[in-house]
Peer 1: 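Right, I'll just put the structure down here and ask away after.
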Amino acid sequence: MVARVIVVDAFDIVVFGATGDLAARKLIPALFHRDEAGQIPQRARIIGASRRHLSDNEYRDLARGWLETHVEAEDRRDGAVPRFLGRLGYVPVQADGDDGWEDLAAALADQPDRVRVFYLATSPDLFGPICGRIGRFGLATANARVVVEKPIGKSLASATEVNDAIGAVFPEERVYRIDHYLGKETVQNLMALRFANSLFEPLWNSAHIDHVQITVAETLGVEGRAGYYDTAGALRDMVQNHMLQLLCLVAMEPPTSLAADAVRDEKLKVLKALVRLTPETAAEQTVRGQYRAGASAGGPVKGYLEELGAPSSRTETFVALKAQIANWRWAGVPFYLRSGKRLASRVSEIVVSFRPIPHSVFDGGAGPIGTNRLVIRLQPNEGVKLWLMIKDPGPGGMRLQHVPLDMSFASVFNVRNPDAYERLLMDVVRGNQTLFMRRDEVEAAWTWIDPILDAWGASTDGPRGYTSGTWGPSAAIALIERDGRTWYEEDAD
Ligand code: BG6
């Protein structure tokens, strides 16, 4: 199957933080892939901007190296790399000072009407200063838009400040807050599954669903990002954004269309319906952990504190929690969320567990009757599984088995799975905000997260240690088992 490509209008994109990790690993490779696929018109320009003094050619050399590292050799077809590098330019610009801004304005001046994208792949402290200068130097043309990365703030108060600074220059309909999980193919598939099939929606409520689990587990540690990570922790880094967005897509009412505000209005209602935790309920319904030395991804690994090079830190690298949504559809259906670094395997999945059958017509010899579960595997091995009970084949009476109806996307669609950034960058150029977070969503998510942070901050207990390569602290297992349920494990059923 060949993916369909619709060429976008010519655009200029200015990447601030152009020599940083995100540009190297994600943005430049994503733009290359879209160019290689023929989606980016000839006249489009990609301009790197950062404080380093580089010429256009020096920046192209850097980008060539990134493509060699981050793009598979088979995707770097003859001529594609030089053609792409030819689109790149570079302007040294000081984000928190005025140096270089006139040069940037001059580089863009000949195309004032074009779609102009400012991508802020920088520390969030610079969002305000950069937006301020984009405004002051007259770069915020009618067709200009800004893309910002998480984290947007560290709390509701700081997120409001960041959003105010951005909003002083760009109206909301030109602000694109990236949550790269929304760009993942399987996450969008969740919407296809729910709203392009009539099968699930009648069952999608507390009458039929027992609980929902969302797991985003990584085997990696903090990988040289300890400076940032130690000021954030798993709750801010993963739950406030990615995991709450997944929860919203599972729990929201069907939007009237996929128009950006139709979808975002529904997600916002879910965030507002989340039951706020108190210090008491936070102690019961949340678990935080921090990895210790152990074995992960095939070898021995250091503990978090050793990686950090600090004798102590209360930053959590793991969180598990039970969330409740107070509305008609979901009352009484817990959503169990867990995410952590240095866990037993890399897996992101959503598990929708249906209620047990009300009465069994089978005798004991049939064996236990497992529950139906819909498992949406976000990564790796993207796909969907529906666990059903069937009869064990052959004579010998009625014995039952729990088996999955298994659809692996790799075997159904024989195409490269595009990186989330490819889709999202093209959506910015097209002006489609559906997969981006609106200001009020980000702020509603912080409104729910802040009391948990406060409760943790006030508690004398720190995060519980867990050995790298395990599934986190045992308290996380107890959190769900107390309710008579277990964390889903692939093939454990
Ligand atoms: C980022 C977090 O947003 O998502 C990282 O800051 C995390 O800590 C990453 O590793 C996970 O993304 P993915 O796409 O690898 O699941």
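Remember, it's 1-based here, ligands and their atoms both numbered in the order they're listed.
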Peer 1: Under 3.5 Å, is there a donor-acceptor pair linking the side chains of Y90 and S50?
Peer 2: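 Their side chains do contain a donor-acceptor pair, which is all the 3.5 Å distance test asks for.
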Peer 1: For F409, give me all partners under ring pair (Phe, Tyr, Trp, His ring centres under 6.0 Å), at least two apart in sequence or on another chain.
Peer 2: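 Counting only residues at least two positions away or on another chain, F409 forms no ring pair (Phe, Tyr, Trp, His ring centres under 6.0 Å).
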Peer 1: Who pairs with D179 by salt bridge (charged side-chain N to carboxylate O under 4.0 Å, His left out), at least two apart in sequence or on another chain?
Peer 2: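 Salt bridge (charged side-chain N to carboxylate O under 4.0 Å, His left out) list for D179, sorted by chain: empty.
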Peer 1: Are Y466 and T317 close enough that a side-chain donor and a side-chain acceptor fall under 3.5 Å?
Peer 2: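 Yes, a side-chain donor-acceptor pair sits under 3.5 Å.
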Peer 1: Output the set of protein residues with a heavy-atom contact under 4.0 Å to ligand 1, ordered first by chain identifier and then by residue number.
Peer 2: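 Lining ligand 1: K150, H180, Y181, K184, E218, R225, D237, M238, H242, K341, Q379.
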Peer 1: Applying salt bridge (charged side-chain N to carboxylate O under 4.0 Å, His left out), can you list everything that pairs with E422, at least two apart in sequence or on another chain?
Peer 2: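 Listed in chain order: R34, R416.
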Peer 1: What's the spacing between R76 CZ and F84 CZ if we round to 0.5 Å?
Peer 2: 13.0 Å
